[in-house]
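Here is the structure we will look at.
Numbering of residues begins at 1 and proceeds along the displayed sequence.
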Amino acid sequence: DLIWEPEQQTVQLFIMATQMHESGIRSENLTTMGNAIRESCRAVMGVDWTPTMGDTVDWFWNCCKRTMAKTLDTIDRDDATILRQSWESCQEKCTKDELGECFFNQLCNIAPHVIHLFRRPKKIQAFQFAHAVDMLVQFSEEPEQFFSELKPLIIRHIKYGVKADYVKPFGKAILKAIEICQGSLWNERVAECWRTMWVRVSSTVQRSLNVGTNLVVVSLVQGDPEKLSDAIDCAPRGERFDWLLSVNINGEILSPLMWAIRDGKFALAEYVIDHLLEIRADRHAYYYGREKLFEKHPEVVTVLCSDCPALMDTLMDGLMWHSHSVNQGFVQVNYYLKEMYGDPKLIKNVWNSPVAQVTKLGTPDMFNHPLLNKLCLIKWHRFGKKFFIMMQIFYDLVLVMWTVGFVVYQDDCSLSLISLRVATGVLSLLAFIAMCALLVSQYRSGLVTQLNWGPKLFLKVPQFLMNPWNSARYVCYAVTTVAAFSEQCWTEEPPDARRKMGCRPWAENYGPEIPEGEPIPEVATIDWRTAVTAFSTFFLWIQFIQILILSRPLAAFTYTLSAMFVDVGRNLMIILVIIVSFAFTLTTLEQPGYESPVQAVLNLIYVILGMSSAESEALEGFGFFCLTSFVVIVEIGFLNILIAQLALIYERLSLDKEGYAKMNRAYTCVEIESFLSEKYRIKVWNEFNFDLPLQFDAGDDGPSGGIQVLEPASVRAAKKYVPDRVLRFPGEAKSTDPWPVD
């Protein structure tokens, strides 16, 4: 199988010969083995056997025998032991730094033209030299391990710009450095072992470098899009996309796209994406590399969002086609969004889909792109909006019931109100149980996000709780359930229930009964039930904001405000630290009204809010100075900074508020899709008929994998509008012909 891959064949022969030696086979046995192989082939072929076949088998075996015989002979001579002892003696006599310096000096004398490759500090070069010699010694001892480490090493050196011509002087420098370091222990036997080993290794390395440095690889190493273009122009049109998506270096298949991205050569990456997503056509077929791109790199959206977000625009531009003609005020647009949507049969976890990755790793401006905007609208109108409204109806029902039973008529202990409160508690409990079941299901199925707070400190959080609204609602329903079922209204005397332990918290604070005619005393304290009820009321109402996602302008505004609070929170934390600092200072000075830290903090907050108490006027001396300093620092300084910060943040966020709103809606769609059954998701997927070709014109069927939409003619004014971007080439052609070059 490797007859057309001589480099890989040689590697396998080295490894095989070592294994054969362990089985007792020696070089003199190889001729007998060759004869046995020829006779076996003759027996299998029978009457079809010809003398030419015999000559071919003999030729092939002789080629293999030469390589294996050299390996078997070196093992018989125990060259590996001599090499190991020689290298260990060098390490005993010289430090790694001395060995590295000696090698570098020899290389300067032998091949000064390769010195430009050594750009790292001397210590790193010394370590790399020692590691290289360790690998050479390992070649004689464990060739299989050596070749497994050689592949990534060859690839790295190709990226550095190392050529096959550099291998010979490099070997001379290594052997000379070892000879100098070993001193008197160096002899002809040791030298022969090193030379024999280097000849065998260097031939493999040179062949790998020669094979690996084709035109595509050279252009990638140099980061030159023009050279890459020249190389790709030679490719047959049927193989052009394969050339752009993979290169073979010593049996290792690498992606030019990922190579360019990881090396920061974004101009090359942009060229690859741009040319993969070109739509070309001859008289026989259309050529569009979208499917091959996503087949080779299903993670391409994730990589682009995290490593080079600017190229997401290039990717999405290549997934659209606009007609050049207007028909009754509309323009035909093809959106090739099959892979961006995510096949539910292939992507079981919705949070791994491309859209989900963009919501987690992308930027708001990405959602203003026509393709992603159209995709999110499709998901929103197909299932997102419907299920979102259904969930909001349930949430709002609980909110209305809670408001009526616990806020508007909180002191009414009639049977109907108690029933309403119990029903509210039951609904809250059911919602809480359903959320718990969902959290358990997500945790077991691996739908979690790992929050890292250190190398060993982390927490796996179910994806449901990564949405702040869901986390708030989860806690809120737990608290609401407790509040609902801790109600203490008695219903023995409905009209007088409030006076007979009927309504909290009077009974707890003043006894079971209040005499007739006496006014109900005001309660100065707040018991835990009242606090829990207030907490639930606040969070139930604040979550009503989420329904504003139905309106894009309101969603944009609320999302902008929420993003602002994150930045403003840092300023408020500093103000809080300053308040506490001055509070403790005034408490230490025993100033009137500031006798305790808590009272001091409250009084300082009153000062900030302009609600200064009488005690503040009684301050004297250093206490008055502290309060004045506090007012200057906080009110004049930090609060004005906070106002300016709010203005700047809002100005910055308002530019992207549309993107923020769309991003939030996309996240909601992904979350809702994760709740849907696989069967329902497949049903929605099949409705798009992504396998049908999309027409460019009547009777002109183009590539499949998308949807066709009629957009208003005003789309022609958009900067993303490119009329009929198909590159058409006339004349007869075959898939083996390269494309014509301008």
Side-chain angles (χ1 to χ4, degrees), residues 74 78-143 145-210 212-213 221-222 250 263-264:
T74 56
D78 203 16
D79 284 8
T81 302
I82 296 173
L83 292 171
R84 173 60 64 185
Q85 292 173 349
S86 173
W87 175 231
E88 288 176 353
S89 68
C90 287
Q91 292 176 306
E92 291 172 0
K93 296 181 68 174
C94 304
T95 64
K96 283 187 178 180
D97 290 344
E98 291 171 340
L99 286 167
E101 188 65 21
C102 182
F103 162 74
F104 189 75
N105 291 335
Q106 294 303 315
L107 191 62
C108 288
N109 294 331
I110 297 171
H113 60 284
V114 303
I115 299 302
H116 69 280
L117 296 171
F118 296 83
R119 303 173 183 175
R120 295 193 174 187
K122 292 168 62 176
K123 283 189 174 294
I124 296 180
Q125 290 177 4
F127 173 80
Q128 291 174 336
F129 168 72
H131 179 66
V133 179
D134 278 332
M135 285 189 64
L136 292 176
V137 175
Q138 186 186 52
F139 169 74
S140 298
E141 297 174 337
E142 300 176 34
Q145 180 66 25
F146 168 81
F147 286 113
S148 67
E149 296 181 12
L150 182 65
K151 280 187 178 182
L153 190 66
I154 291 291
I155 293 169
R156 274 204 312 274
H157 281 74
I158 287 175
K159 290 183 178 182
Y160 297 152
V162 176
K163 300 177 181 178
D165 298 341
Y166 299 165
V167 173
K168 187 175 181 180
F170 184 82
K172 287 183 178 180
I174 287 180
L175 298 186
K176 190 64 178 178
I178 293 174
E179 179 182 352
I180 293 172
C181 292
Q182 198 167 13
S184 59
L185 296 177
W186 184 267
N187 55 48
E188 187 57 35
R189 178 75 179 93
V190 173
E192 180 62 27
C193 290
W194 280 103
R195 282 195 296 269
T196 302
M197 179 272 299
W198 179 250
V199 168
R200 300 171 67 207
V201 171
S202 63
S203 62
T204 302
V205 173
Q206 282 180 314
R207 283 196 298 267
S208 299
L209 288 172
N210 280 325
T213 50
V221 171
Q222 297 179 359
N250 196 28
D263 285 0

Is the shortest heavy-atom distance from the side chain of His113 to the side chain of Tyr166 under 4.5 Å?
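Side chain of His113 against side chain of Tyr166, heavy atoms only: contact under 4.5 Å found.
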Side-chain contact test, heavy atoms from C-beta onward, threshold under 4.5 Å: evaluate it for Lys176 versus Asn109 and give yes or no.
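Not touching, per the 4.5 Å side-chain cut-off.
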Starting at [atom1] of [X], measure out to [atom2] of [Y] and round the result to the nearest 0.5 Å.
X: Lys96; Y: Gln128; atom1: NZ; atom2: CD; result: 11.5 Å
X: Gln106; Y: Lys172; atom1: CD; atom2: NZ; result: 12.5 Å
X: Leu83; Y: Asp78; atom1: CG; atom2: CG; result: 9.5 Å
X: Glu179; Y: Cys102; atom1: CD; atom2: SG; result: 10.0 Å
X: Thr81; Y: Gln85; atom1: OG1; atom2: CD; result: 6.5 Å
X: Ile174; Y: Leu99; atom1: CD1; atom2: CG; result: 11.5 Å

Please state whether the rings of Phe103 and Phe170 are parallel, tilted or perpendicular, taking 30° and 60° as the class boundaries.
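Geometry flag for Phe170 against Phe103: perpendicular rings.
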Does the side-chain contact (heavy atoms from CB on, under 4.5 Å) test come out yes or no for Val167 and Trp198, once each step is laid out?
CA-CA 10 Å; Val167 173; Trp198 179 250; 3.8 Å; yes
Counting only heavy atoms not in Phe104 (residues, nucleotides, ligands), do more than 12 fall under 6.0 Å from its CZ?
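It does: Phe104 CZ has more than 12 such atoms within range.
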For the NZ atom on Lys93, are there more than 12 heavy atoms of other groups (residues, nucleotides or ligands in this structure) within a distance under 6.0 Å?
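Yes, NZ of Lys93 has more than 12 neighbouring heavy atoms, counting only those of other groups under 6.0 Å.
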Show which side-chain atoms of residues 183-195 pair as donor or acceptor with protein atoms under 3.5 Å away, not counting sequence neighbours.
{"unit_1": "Asn187", "atom_1": "OD1", "unit_2": "Arg189", "atom_2": "N", "d": "3.1"}
{"unit_1": "Asn187", "atom_1": "OD1", "unit_2": "Val190", "atom_2": "N", "d": "2.8"}
{"unit_1": "Glu188", "atom_1": "OE2", "unit_2": "Arg195", "atom_2": "NH2", "d": "2.7"}
{"unit_1": "Arg189", "atom_1": "NH2", "unit_2": "Arg77", "atom_2": "O", "d": "3.1"}
{"unit_1": "Arg189", "atom_1": "NH2", "unit_2": "Asp79", "atom_2": "OD1", "d": "3.0"}
{"unit_1": "Glu192", "atom_1": "OE1", "unit_2": "Arg195", "atom_2": "NH2", "d": "3.3"}
{"unit_1": "Glu192", "atom_1": "OE2", "unit_2": "Thr196", "atom_2": "OG1", "d": "3.2"}
{"unit_1": "Trp194", "atom_1": "NE1", "unit_2": "Ser86", "atom_2": "OG", "d": "3.1"}

Side-chain atoms of residues 130-141: list all donor-acceptor pairs with protein atoms under 3.5 Å, sequence neighbours left out, distances to 0.1 Å.
{"unit_1": "Asp134", "atom_1": "OD1", "unit_2": "Trp87", "atom_2": "NE1", "d": "2.7"}
{"unit_1": "Glu141", "atom_1": "OE1", "unit_2": "Arg84", "atom_2": "NH2", "d": "3.0"}
{"unit_1": "Glu141", "atom_1": "OE2", "unit_2": "Arg84", "atom_2": "NE", "d": "3.1"}

